Amino acid sequence: MKGLYTALMCSFDEQGNINEQGLREIVRYNIEVSEVDGLYVNGSTGENFLISTEQKKQIFEIVKDEVGDRVKLMAQVGSLNVDEAAELAQFVTNLGYDAISAVTPFYYKFDFEEIKDYYNTILEGVDTKLIIYSIPALTGVSMNLEQFGELFENEKIIGVKFTAPDFYLLERLRHAYPDKLIYSGFDEMLLSASVLNVDGAIGSTFNVNGKRAKQIFTLAQSGRIDEAREIQKVTNDLISEILENGLYQTIKEMLETQGVHAGYVRKPMKRLSEEKLLKARSIAEKYL
Ligand code: NAY
């Protein structure tokens, strides 16, 4: 399960319905052009928190059907509705996904016992292994070393997608849990995380920048830091332009320039203005 995973986008039409062909094209682009090792399905980048249970299931099915066994698949099933999360965990297990992942429960201020119970409940009925999805900036949920350790006591919890700029905690986790899988979650910090020996990374910008990300990761693993730093620099030039223009919208438009029908974002996210559409196309021209 090591390596680089694209946090997969989903293609939606103007009404917000899933565009199946577009989604299949995004999957193929990631496998055939970006050449990533796996896909992280229905994460933040997949606009997971804006869609219905039925739509989530439909996306899981389409992606598995398109991928077959070509790359590894991780399914993000986390939900504030723990019954939905458990149902989706069962659903993707039946589809043959390689692992599940679940965002820490958010919005209400759950205490750690509640967070632990959430993960154990999701895992009760399935044998599939789970990667914790930790993203404090969006969820407001930060866990410390001991709390990660307590979650890791459940043998079905095999790792964490660490989307935080806390390299002290990342180093402590790596040191304390050499056998757990740690994935870096911020693409702009991939080199720094790779130097700390993470097992892989999961990123939204890999949809369009997968090749450079892979180079950063593999160069860092073989100690070629100067070369990796050069590629991280170009990557970060790209990421700052994307972030300034609108993250998911810009990546979608960049994919469109490559003949991939990535479509629109779902409301309440807003679409790019004409000016920003042109900017997205110029970013694609510059970096793809
Ligand atoms: C997800 O579930 O899609 C992710 O968390 C992927 C990680 C990304 N985080 C978000 C919130 O989109 O790739 C990062 C991020 O977009 C990138 O580093 C730019 O900041």
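Numbers here simply count residues along the sequence, with the first being 1. Whatever order the structure lists ligands and atoms in, that order sets their numbers, starting from 1. Because the structure is a prediction, the values reported are computed rather than measured.
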Gln76, portion touching ligand 1 at heavy-atom distance under 4.0 Å: neither
Value rounded to 0.5 Å, distance of CZ in Arg28 from CD in Glu66: 4.5 Å
Carboxylate-amine/guanidinium proximity below 4.0 Å for Glu32 and Arg70: yes
Identity and distance of the protein heavy atom lying nearest atom 14 (C) of ligand 1: Gly185 O, 3.3 Å
Contact with ligand 1 for Tyr133, non-hydrogen, under 4.0 angstrom: yes
Candidates Phe206, Tyr5, Phe217, Phe162 - the one meeting ring-ring contact (aromatic ring centres under 6.0 Å, His included) with Tyr183: Tyr5
Closest approach of any protein heavy atom to atom 12 (O) of ligand 1, naming residue and atom: Tyr248 OH, 2.7 Å
Atom indices of ligand 1 within 4.0 angstrom of Asp187 heavy atoms, with elements: 13 (O), 14 (C), 17 (C), 18 (O)
Contact partition for Tyr40 relative to ligand 1, non-hydrogen atoms under 4.0 Å: side chain
Distance filter under 4.0 Å to Gly43 heavy atoms, resulting ligand 1 atoms: 2 (O), 3 (O)
Proximal atoms of ligand 1 relative to Phe186 (non-hydrogen, under 4.0 Å): 18 (O)
Nearest-contact summary for atom 16 (O) of ligand 1 - protein heavy atom, Å: Ser204 OG, 2.7 Å
Salt bridge present between Arg266 and Asp13 (N-O < 4.0 angstrom): no
Which of the ligand 1 atoms, numbered from 1, are nearer than 4.0 Å to a heavy atom of Leu138: 11 (C)
Residue, atom name and distance, where the atom is the protein heavy atom closest to atom 18 (O) of ligand 1: Glu188 OE1, 2.5 Å
Separation of Tyr40 OH from Lys161 NZ (nearest 0.5 Å): 5.0 Å
Top protein contact for atom 6 (C) of ligand 1, by heavy-atom distance: Lys161 NZ, 3.4 Å
Gap separating the CD1 atom of Ile132 from the CD1 atom of Ile182, nearest 0.5 angstrom: 10.0 Å
Aromatic ring pairing Phe91/Phe60, orientation class (parallel under 30°, perpendicular over 60°, tilted between): tilted
Pair Lys57 + Glu87, salt bridge at N-O below 4.0 Å: yes
Nearest heavy-atom neighbours spanning Lys56 and Asn42: O-ND2, 3.3 Å
Side chain, backbone, both or neither: Ile242 near ligand 1, heavy atoms under 4.0 Å: neither
In one Ile/Leu/Val/Met/Phe/Trp/Tyr side-chain cluster, 4.5 Å: Tyr264, Leu255: no
Closest to atom 11 (C) of ligand 1 among Ile135, Asn236, Thr235 (heavy-atom distance): Ile135
Numbering as shown, the atoms of ligand 1 that approach Ala7 to under 4.0 Å (heavy-atom distance): 1 (C), 3 (O), 6 (C)
Common cluster, Met1/Leu4, ILVMFWY with side-chain heavy-atom separation under 4.5 Å: yes
Nearest-neighbour protein heavy atom for atom 3 (O) of ligand 1, which is reported as residue plus atom name and distance: Thr45 OG1, 2.5 Å
Numbered atoms of ligand 1 (with element) below 4.0 Å of Gly203, judged on heavy atoms: 13 (O)
